[in-house]
Protein chains: 2
Amino acid sequence: MKISYKSDYALKTLLELALNYNKGVVSINDLAKKGDIPYKFLEQVLLTLKKGGFVDSKRGMSGGYYLAKPPDNITLGEAIRFIEGPIEPLICASKKRYDECKDFNTCALKDIWHQVYTATSMVIDSITFAELVRRAKAKQKGFPNYVYTI
Amino acid sequence: MKISYKSDYALKTLLELALNYNKGVVSINDLAKKGDIPYKFLEQVLLTLKKGGFVDSKRGMSGGYYLAKPPDNITLGEAIRFIEGPIEPLICASKKRYDECKDFNTCALKDIWHQVYTATSMVIDSITFAELVRRAKAKQKGFPNYVYTI
DNA sequence: TATAATTACTATTAATTTAGTAGTCATTAT
DNA sequence: ATAATGACTACTAAATTAATAGTAATTATA
């Protein structure tokens, strides 16, 4: 149930750019160092994020990347789904496949995966990068902001 | 965020054995056909499940597998964790690593993964194979038992 | 206008994980 | 004895993920 390094890198980077929103560009180099991400790998991730409309860039000397839209207009869910692809634990747990289901036993299991998927979606679709920025800043100020949702 | 085929096969098989609890053994062959699982692969999965104490077997002619403990004594969570290993989306989202966290930005993201992990755990740790059997049987009787938890 | 710093793009390779296959041995009901 | 079954170990293949390499294009600025 792991997420890939690619997604991890992408999200960390988006958060970094969100922290820098409206403050100019950040170079790949700085982003790579800050996030401890292999430069060349990050380069590709950023190109992907650009295609997805999450970031934009300025080329040439003193160029770099910046968030293409306001942080409160990007949810974690959008970003994750874009980078990671479908996040259903089982492909067949998607609505369409689910409806076609004919094997009653495994269907009982699919219900579970569907529940897991729904629970996960609720978490990641309801938080924006603006909120993440708020939390990150709160932490920096020494107010730990643990979130236990039980 | 996918689960592996191995886990999928393991859970389907456990459910099948749970449906057959106290009704004797089921051969690998039957389990493989029923679950549409490659025989040799299932063989290995079953050996793993046996080491984990989930199933037991009877060797020789008319041998086969059976659940090693009552279905209401096995949660999905136990089985998944045993086959799949840790289910945290990020390894560093585990409690220990989490406490050591020093990078405030990525910590904000780790909070999220922790939430996802918690939400997932709540689903899979609170359902037993006995309950899955009940649901599977209900479906067979023509009472679809969709579970939407929103 | 030369230079250095930077993004853009494409291709390749390496590493890891996952999925599946093969073959031989051991056990047991009939 | 034999046929049907599980036990065990090793291997291979396929897919995915992670990372690297190299060259081209762009741009600030000295």
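Every value quoted in this text rests on a predicted model; they were computed, and no experiment measured them. Reminder, nothing fancy here: chain letters follow the sequence lines and each chain counts from 1.
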Check: Which of the following nucleotides, C:dT7, D:dA18, C:dT21, is nearest to the side chain of B:Pro38?
Finding: C:dT21
Item checked: Nucleotide D:dA15, atom P - distance to NZ of A:Lys2 in whole Å -> 23 Å
Checklist line | Heavy atoms of other groups near A:Lys69 NZ, more than 12 under 6.0 Å | finding: yes
Next item on the list: Measure from NZ on B:Lys50 to C1' on D:dT5 and round the result to the nearest Å.
Entry: 12 Å
Notebook entry, point to check: Looking at C:dA19, D:dT20, D:dG6, which one has an atom nearest to any side-chain atom of B:Tyr5?
Noted result: C:dA19
Next item on the list: Examine C:dG20: is either OP1 or OP2 under 4.0 Å from a nitrogen or oxygen in the side chain of B:Tyr9? Give yes or no.
Entry: yes
Next item on the list: With the side chain of B:Phe41 defined as its heavy atoms from C-beta on, choose the nearest nucleotide among C:dT21, D:dA18, C:dT28.
Entry: C:dT21
Margin query: Using a 4.0 Å heavy-atom cut-off, does B:Leu46 contact any base of the nucleic acid, only the sugar-phosphate backbone, or nothing at all?
Written below: nothing
Next item on the list: For A:Gly60 and for A:Leu42, find the nucleotide of DNA chain D with the closest heavy atom, then tell me which residue's nucleotide is more 5'.
Entry: A:Leu42
Note to self: Rounded to whole Å, how long is the line connecting atom CD1 of A:Ile28 with atom P of D:dT20?
What the structure shows: 15 Å
Margin query: How many whole angstroms separate atom NZ of B:Lys40 from atom C1' of D:dA10?
Written below: 11 Å
Check: If you measure from the Lys or Arg side-chain nitrogens to the Asp or Glu carboxylate oxygens, is any gap between B:Arg135 and B:Glu131 under 4.0 Å?
Finding: yes
Check: From A:Ile83 CD1 over to A:Glu78 CD, what is the distance, rounded to the nearest 0.5 angstrom?
Finding: 12.5 Å
Note to self: Under a plain distance cut-off of 3.5 Å, with no hydrogens placed, do A:Ser7 and A:Arg81 share a side-chain donor-acceptor pair?
What the structure shows: no
Notebook entry, point to check: Could you give the CD-to-P distance, from B:Gln44 to C:dT18, as a whole number of Å?
Noted result: 14 Å
Notebook entry, point to check: Once you round it to whole Å, what is the distance between P of C:dT18 and CE of A:Met1?
Noted result: 13 Å
Next item on the list: Name the closest nucleotide to the B:Ser62 side chain, picking from C:dT7, C:dA29, D:dT17.
Entry: C:dA29
Item checked: Atom pair distance, as rounded to whole Å: CD in B:Glu84 and C1' in C:dT17 -> 11 Å
Next item on the list: Kindly compute the distance separating OH (A:Tyr21) from OH (A:Tyr66), expressed to the nearest 0.5 Å.
Entry: 10.0 Å
Margin query: Nearest to the A:Glu43 side chain among C:dA29, C:dA19, C:dC9, which nucleotide is it?
Written below: C:dC9
Notebook entry, point to check: Just to confirm, is there a sub-4.0 Å distance from OP1 or OP2 of D:dT5 to any side-chain nitrogen or oxygen of B:Ser57?
Noted result: no
Check: What does A:Tyr39 touch in the nucleic acid at a heavy-atom separation under 4.0 angstrom: a base, only the sugar-phosphate, or nothing?
Finding: base
Note to self: Can you measure A:Asp8 atom CG to D:dA18 atom C1' for me and round it to whole angstrom units?
What the structure shows: 13 Å
